[in-house]
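Predicted model only: the values in this text are computed from it and were never measured.
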Amino acid sequence: MTEARAHKRTTVERATDQFLRVLRERNASAHTIKAYAGDLENFANYVGLRDWKHIDHIAVRGFLSHLYEKGLSKPSVARSLAAVRSLYRWLAQEGVVEQNPAKLVSTPKLPKKLPRVPTIEEMNTVLDGDMPEIAAFPERDRMLLELLYGCGIRNSELIGINLDDIRTSAEAILIRGKGKKERYVPFGGSAVVALSAYLPARQKLLAEKKKITPALLINQRGGRLTVRSVGRIVKRIAVAKGLSPDVHPHTLRHAFGTHMLEEGADLRAIQEMLGHERLSTTQRYTQLSMKHVLAVYDQTHPRAK
């Protein structure tokens, strides 16, 4: 039965299976693979038995209309279109198709929502003074916050740091970013202080649990911290220190980029530290910073009132 069902898989379903396999081989994040799998399954169901010759831009547009009818939001529909475009891009590389009909379909217009970034003062409130009582492992939690905000790294990059990646003499950390790209990120004085407090506590916990791990940041069982745990820790401490409950690890990365720009850092240096492939991605921080500048102008300039 299973074998018969496997033979009946449609052209699009078979291509999706191969495409997802390639993404796994390229070490794409589990979140990306899961999202693509769901979006492309919907697309395969919509086009049914049609082959590539019979799927044009009108069919792709019809697929988007079908998603709207099902009640999907604009961001979800935009994500589905991006998944279909990615599938076609891969098919073109493989020589299966010559054109990408999804390219001819315009992306749904999304409202430009810029993240609310904590101010420099708010970040200092979080990092100065003792960790709140709610912090389960205060030395580690301070280390974690210092790295997210002090280095502007992604949550997935943070949990991937090993003890050997810290070059104390060079005051830098080796970070493994998207697509296995490596970069060195400066390691500030506050992070050095946090590290010197954390390392003995880490060593003590590992000795108690009789564990050995290369991971820098560990949980209370002596294993490597997960992305989800980091999210929970950041939110818990941020709220305890008076910040908004919608603060998550990526908020601290945004804060890093915005505050560096506000303090006069060069956009290309910020791009390098954040590990952005395109400068246009880094330029979002100009928008955030400009918003801040305009707000200050409105509040303080006598001719603005």
Report summary line: residues 82-96 vs side-chain hydrogen bond (donor to acceptor under 3.5 Å, both in side chains), sequence neighbours excluded, gives Tyr36-Ser86, Arg85-Thr107
Query raised in the report: If you measure from OG1 on Thr16 to CG on Asp39, what distance do you get to the nearest 0.5 Å?
Result: 10.5 Å
Please tabulate, for side-chain N and O atoms in residues 133-142, each donor-acceptor pair with protein atoms closer than 3.5 Å (sequence neighbours left out).
unit_1	atom_1	unit_2	atom_2	d
Arg140	NH1	Ile218	O	3.1
Arg142	NH1	Leu127	O	2.4
Arg142	NH2	Gly129	O	2.3

Query raised in the report: Can you tell if the side chain of Ile173 reaches within under 4.5 Å of the side chain of Tyr184, non-hydrogen atoms only?
Result: no
Report task. Could you tell me the separation between the OG1 atom of Thr32 and the CZ atom of Arg24, rounded to the nearest 0.5 Å? Result -> 12.0 Å
Query raised in the report: What pairs with Ser196 under side-chain hydrogen bond (donor to acceptor under 3.5 Å, both in side chains), at least two apart in sequence or on another chain?
Result: none
Query - From CG (Leu144) to CG (Asn155), nearest 0.5 Å - result: 8.0 Å
Requested in this report: Quick one: do Phe187 and Leu195 satisfy side-chain contact (heavy atoms from CB on, under 4.5 Å)? Show the steps, please.
Outcome: CA-CA 10 Å; Phe187 191 55; Leu195 183 70; 3.9 Å; yes
Query raised in the report: Tell me the salt bridge (charged side-chain N to carboxylate O under 4.0 Å, His left out) pairs involving residues 43-52, sequence neighbours left out?
Result: none
Mind listing the side-chain donor-acceptor pairs of residues 230-237 below 3.5 Å, one per line with the distance, residues two or more places apart or on another chain?
unit_1	atom_1	unit_2	atom_2	d
Lys235	NZ	Pro245	O	2.7

Requested in this report: Identify whether Ile58 and Val47 are in the same connected component of the hydrophobic contact network (ILVMFWY, side-chain heavy atoms under 4.5 Å).
Outcome: no
Report task. Following the transitive rule for hydrophobic clusters with a side-chain heavy-atom cut-off under 4.5 Å over Ile, Leu, Val, Met, Phe, Trp and Tyr, establish whether Leu148 and Val193 coincide in one cluster. Result -> no
Query raised in the report: Is a side-chain N or O of Arg14 found less than 3.5 angstrom from the main chain of Arg9, in a donor-acceptor match?
Result: yes
Query raised in the report: Hey, does the side chain of His259 reach the backbone of Pro118 with a donor-acceptor pair shorter than 3.5 angstrom?
Result: yes
Query raised in the report: Does the gap between the ring centers of Phe43 and Phe63 come in under 6.0 Å?
Result: yes
Query raised in the report: Is a side-chain donor or acceptor of Asn100 paired with a backbone partner of Ala102 at a separation under 3.5 angstrom?
Result: yes
Report summary line: The side-chain contact (heavy atoms from CB on, under 4.5 Å) partners of His248 (sequence neighbours excluded) come to His250, Thr251
Report summary line: Applying side-chain hydrogen bond (donor to acceptor under 3.5 Å, both in side chains) to Asp246 and not counting sequence neighbours gives Ser244
Query raised in the report: Taking all atoms of both residues into account, what is the closest heavy-atom pair of Ile33 and Leu20, and its distance?
Result: O-CD2, 4.0 Å
Requested in this report: Tell me whether Leu87 is reachable from Leu104 by hopping between hydrophobic residues (I, L, V, M, F, W, Y) whose side-chain heavy atoms are closer than 4.5 Å.
Outcome: no
Query raised in the report: Are any of the side-chain heavy atoms of Ile161 and Ile153 separated by less than 4.5 Å?
Result: yes
**Report entry** Flag, side chain of Glu69 to backbone of His66, donor-acceptor distance under 3.5 Å
**Finding:** no
Query raised in the report: If every non-hydrogen atom of Gly222 is compared with every non-hydrogen atom of Thr213, which pair is closest and at what distance?
Result: O-CG2, 3.7 Å
Query raised in the report: Is there side-chain contact between Val77 and Lys74, with at least one heavy-atom pair below 4.5 Å?
Result: no
**Report entry** Heavy-atom side-chain proximity of Val12 to Ile55 below 4.5 angstrom
**Finding:** yes
Query raised in the report: If we only count heavy atoms from C-beta on, is the Leu243 to Val126 side-chain gap below 4.5 Å?
Result: yes
**Report entry** Exam field: side chain Thr258 to backbone His254, donor-acceptor pair closer than 3.5 Å
**Finding:** yes
Report task. Might you point out which heavy atoms bring Gly152 and Leu274 nearest each other, and give the distance in Å? Result -> O-CD2, 3.3 Å
Query raised in the report: Once you round to the nearest 0.5 Å, how far does CE of Met123 lie from CG of Leu145?
Result: 7.0 Å
**Report entry** Arg268: partners by side-chain hydrogen bond (donor to acceptor under 3.5 Å, both in side chains), with sequence neighbours left out
**Finding:** Gln271
Query raised in the report: How far does CD1 of Ile175 sit from SG of Cys151, to the nearest 0.5 angstrom?
Result: 6.5 Å
Query raised in the report: Do Leu147 and Leu216 pass the side-chain contact (heavy atoms from CB on, under 4.5 Å) test, and can you show the C-alpha distance, the side-chain angles, and the key distance before you say yes or no?
Result: CA-CA 11 Å; Leu147 290 172; Leu216 173 68; 3.9 Å; yes
Requested in this report: Indicate, with yes or no, if Ile166 and Leu174 share a hydrophobic cluster defined by side-chain heavy-atom contacts under 4.5 Å among Ile, Leu, Val, Met, Phe, Trp and Tyr.
Outcome: no
Query raised in the report: Does the pair Tyr149 and Arg253 meet the rule for a side-chain contact (heavy atoms from CB on, under 4.5 Å), with working shown?
Result: CA-CA 6 Å; Tyr149 175 59; Arg253 179 169 158 86; over 6 Å; no
Report task. Could you grab the distance from atom NE2 of His54 to atom CG of Asp56, nearest 0.5 Å is fine? Result -> 10.0 Å
Query raised in the report: How far apart are the closest heavy atoms of Glu13 and Asn45, and which atoms are they?
Result: OE2-OD1, 4.3 Å
Requested in this report: List in chain and number order the residues that pass side-chain hydrogen bond (donor to acceptor under 3.5 Å, both in side chains) with Lys181, two or more places apart in sequence or in another chain; answer none if no residue qualifies.
Outcome: Glu277
Report task. Any salt bridge (charged side-chain N to carboxylate O under 4.0 Å, His left out) involving residues 143-161? Give me the pairs, sequence neighbours left out, ordered by first then second residue. Result -> Arg154-Glu157, Glu157-Arg183
Query raised in the report: Could you give all pairs that pass the salt bridge (charged side-chain N to carboxylate O under 4.0 Å, His left out) test and reach residues 167-178, with sequence neighbours left out?
Result: Asp165-Arg176, Arg176-Glu182
Query raised in the report: Considering only heavy atoms from C-beta outward, does the side chain of Trp52 approach that of Val96 to under 4.5 Å?
Result: yes
Query raised in the report: Same hydrophobic cluster for Leu217 and Leu163, using side-chain heavy-atom links shorter than 4.5 Å among ILVMFWY?
Result: yes
Query raised in the report: Which pair of non-hydrogen atoms, one from Lys70 and one from Asn42, has the smallest distance, and what is that distance?
Result: NZ-OD1, 4.1 Å
Query - Of all pairs that satisfy salt bridge (charged side-chain N to carboxylate O under 4.0 Å, His left out), the ones with a partner from residues 206-227, not counting sequence neighbours - result: Lys204-Glu208
Requested in this report: List the steps and the verdict of side-chain contact (heavy atoms from CB on, under 4.5 Å) for Leu81 and Leu64.
Outcome: CA-CA 7 Å; Leu81 177 60; Leu64 301 193; 4.1 Å; yes
Query raised in the report: Considering all heavy atoms of both residues, which atom of Ala59 and which atom of Tyr46 are nearest to each other, and what is their separation?
Result: O-CE2, 3.4 Å
